[in-house]
Amino acid sequence: MNFPLLTVTAAVPAVGAILTAAVPAGRRAAAKWLALLVSLATLALAVLVAIRFEPGGDRYQLTESHAWIPDFGVRYELGVDGIGVVLIGLTALLIPFVIAAGWHDADPLETSSKRWRPTQGFFALILLVEAMVIISFEATDVFLFYVFFEAMLIPMYFLIGGFGDRAHAGSDENAAAQRSYAAVKFLLYNLVGGLIMLAAVIGLYVVAGNFSLQEIAAARAAGTLDMATNTERLLFLGFFFAFAVKAPLWPLHTWLPNAMGESTAPVAVLITAVVDKVGTFAMLRFCLGLFPDASKWATPVILVLALISIVYGALVAVGQRDIKRLVAYASISHFGFIVLGIFAMTSQGQSGATLYMVNHGLSTAALMLVAGFLISRRGSRLIADYGGVQKVAPVLAGTFLIGGLATLSLPGLAPFVSEFLVLVGTFARYPVVGIIATTGIVLAALYTLVLYQRTMTGPVKEEVRSMPDLRLREVLVVAPLIALLIGLGVYPKVLTDIVNPAVEHTMSDVRQTDPKPEVVVDAKNGEAAK
């Protein structure tokens, strides 16, 4: 029997969550260090997964399959393709930074309502989310995926509602009410999407007779799966709706600004850089893999929704007065690019979309965590409360600028490569859509540079005059993220070599090939011909 590496990779943070929660109340430091060590062990396992994965080998590797609920055809079935490998790596990489950045976010804090923040619970919930996200990237049984797709909502609900941002202008009661509203909205939106998906999951079982992604794909390829056109379209819509809520795609996005605004900065990173990636990943694995004809049928509408997300998210970000809500709306715009790349149905677009998931995670983590350090010093999320920070905290301002430049996809930084591939892939098949999508680039430059100008430049405001620069722990959190943004911007091949074979399989699922150029160059005569 082969070593169950995928199971162990997901089980380590799950067991770590239980152990962290069990640390005695007076041993907060021990709980923090235990959570950090568990996250580093998970990262080591994710690296081992990447090392053992062979990009040119079978589509799903390191597979595991065991009977779970035999009477209903449910199996504990795991496997990873190149897309799953890089997203597991992203998740495992970011969690140690999330834990280190939130080192003091759940320290006991006595307020007027006498509420205390349980440190052990905070870090245990983060590890629990990590475990559920990782197994979601590994699951090749649809029902198994659904269980963890929904289960991760519970720890996220408590992280948003129970450990909210301390930078509130109002009373403690008002802050608690805002956190509760954001947490409930997050939960309800995603539960509704999950319930619709559950109906589609049951419908899929009725049609296919099992939940195995690989068996269903094999039956479709062999022509033995009888799925009527209207049935396939209805099932596709059930799956896609749930993934669009999680992604989040306009107009199902409104929970995200509330959730990110009321969360601590590390939890906000957990939401948009880790959890939301499950939605876009699932579009590639399940929507395109299970319902290829319905995916092509729905593509025109989805491209319109993606364009609206790109432009709307960027426009609303320009007008934001709250730093964290600005980053949230910027993320909505970026997720629009990811969905655009997926449904452009080109290899460049889908490779770019996968890289965008990784690079958006890195850039958003860098920007949001530095923003969190900034907010914790001033005690305010409002942009107007800052000014001249670069004169008193140059390292903080410099890292904030690099994170912002990555967000606007500056050439030389990792997000540029992914955004370029998405646009190239979109132009190849839908040139008008590609042209409209480029407006998001201009707007991204506007909201990022205006944010930097208003917070970091100009006269030093009295309230920030004594602001300390980044401490050693904070530098150790941000510096590796910046190094990765630069490294992957210069040499993205380390990821594309893993991703591209998986994209070829996805393109084969939907029976699509890349459009051929309309103009070719005669190498002998140097002339262009149709």
Side-chain angles (χ1 to χ4, degrees), residues 69 72-75 77 136 139-151 153 188-253 255 276 278-309 335-336 338-340 342-345 350 353 505-512:
I69 313 176
F72 296 97
V74 179
R75 300 186 64 80
E77 196 169 82
S136 296
T140 56
D141 182 278
V142 177
F143 189 83
L144 178 67
F145 169 83
Y146 173 78
V147 168
F148 289 97
F149 180 80
E150 287 293 277
L153 301 180
L188 288 179
Y189 266 67
N190 284 275
L191 278 179
V192 170
L195 288 173
I196 293 174
M197 181 183 169
L198 177 59
V201 169
I202 295 171
L204 178 66
Y205 177 74
V206 171
V207 173
N210 65 81
F211 294 106
S212 173
L213 182 66
Q214 298 182 68
E215 289 184 19
I216 294 172
R220 180 183 289 279
T224 59
L225 179 61
D226 184 18
M227 188 181 298
T229 299
N230 289 337
T231 301
E232 180 179 348
R233 290 177 179 179
L234 287 173
L235 295 178
F236 167 85
L237 291 174
F239 277 75
F240 180 80
F241 183 87
F243 302 151
V245 172
K246 184 86 79 179
L249 186 68
W250 184 93
L252 306 171
H253 67 284
W255 63 268
D276 287 354
V278 178
T280 47
F281 162 81
M283 291 180 189
L284 276 167
R285 173 167 284 189
F286 296 103
C287 285
L288 273 59
L290 293 172
F291 316 110
D293 295 331
S295 296
K296 290 186 285 187
W297 163 75
T299 288
V301 174
I302 295 173
L303 292 180
V304 171
L305 296 179
L307 282 178
I308 295 174
S309 290
F335 275 103
I338 294 171
V339 175
L340 184 69
I342 292 171
F343 285 90
M345 301 293 183
Q350 292 184 359
H505 286 297
T506 304
M507 291 286 289
S508 177
D509 287 340
V510 292
R511 297 185 293 278
Q512 291 278 33

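Note that the coordinates shown come from a computational prediction; the quantities given were computed from them, not determined experimentally.
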Donor-acceptor list for residues 230-244 side chains, cut-off 3.5 Å, not counting sequence neighbours:
from: E232; atom 1: OE2; to: D293; atom 2: N; distance (Å): 3.1
from: E232; atom 1: OE2; to: A294; atom 2: N; distance (Å): 3.1

What is the distance from atom NE2 of H253 to atom CG of L305, rounded to the nearest 0.5 Å?
11.5 Å
Looking only at atom types and distance, does a side-chain atom of S309 sit under 3.5 Å from a main-chain N or O of L249, one as donor and one as acceptor?
no
State the NZ-CE distance between K246 and M283, to the nearest 0.5 angstrom.
11.5 Å
Rounded distance [0.5 Å steps], CG in L144 versus CG in L213
11.5 Å
Residues forming a ring-ring contact (aromatic ring centres under 6.0 Å, His included) with F211, sequence neighbours excluded
F143, Y205
Extract all donor-acceptor atom pairs below 3.5 Å that involve side chains of residues 188-197 and protein atoms in other chains or at least two apart in sequence.
from: Y189; atom 1: OH; to: T254; atom 2: OG1; distance (Å): 2.7
from: N190; atom 1: ND2; to: F186; atom 2: O; distance (Å): 2.8

For F145 and S136, the nearest pair of non-hydrogen atoms, with its separation, is CD1-O, 3.4 Å
Within the structure provided, determine whether I302 and I342 are in side-chain contact (heavy-atom separation under 4.5 Å).
no
Can you name the residues that form a side chain to side chain contact (heavy atoms under 4.5 Å, CB included) with A151, not counting sequence neighbours?
M132
Hey, could you give me the CZ/CE distance between F343 and M345, rounded to the nearest 0.5 Å?
5.5 Å
Tell me, which pairs form a side chain to side chain donor-acceptor pair (under 3.5 Å) where one or both residues lie in residues 295-304, sequence neighbours left out?
none
Spacing of CG belonging to L204 relative to CZ belonging to F291, to within rounding of 0.5 Å
5.0 Å
In this structure, NE2 of H505 is separated from CG of L288 (nearest 0.5 Å) by 14.5 Å
Tell me every residue that passes ring-ring contact (aromatic ring centres under 6.0 Å, His included) with F72, counting only those two or more places apart in sequence or in another chain.
none
Could you pull out all residues at least two apart from S212 that satisfy side chain to side chain donor-acceptor pair (under 3.5 Å)?
E77
I338: which of D276, L284, T280 passes side chain to side chain contact (heavy atoms under 4.5 Å, CB included)
T280
Mark yes or no for whether R75, through its side chain, and N210, through its backbone, hold a donor-acceptor pair below 3.5 Å.
no
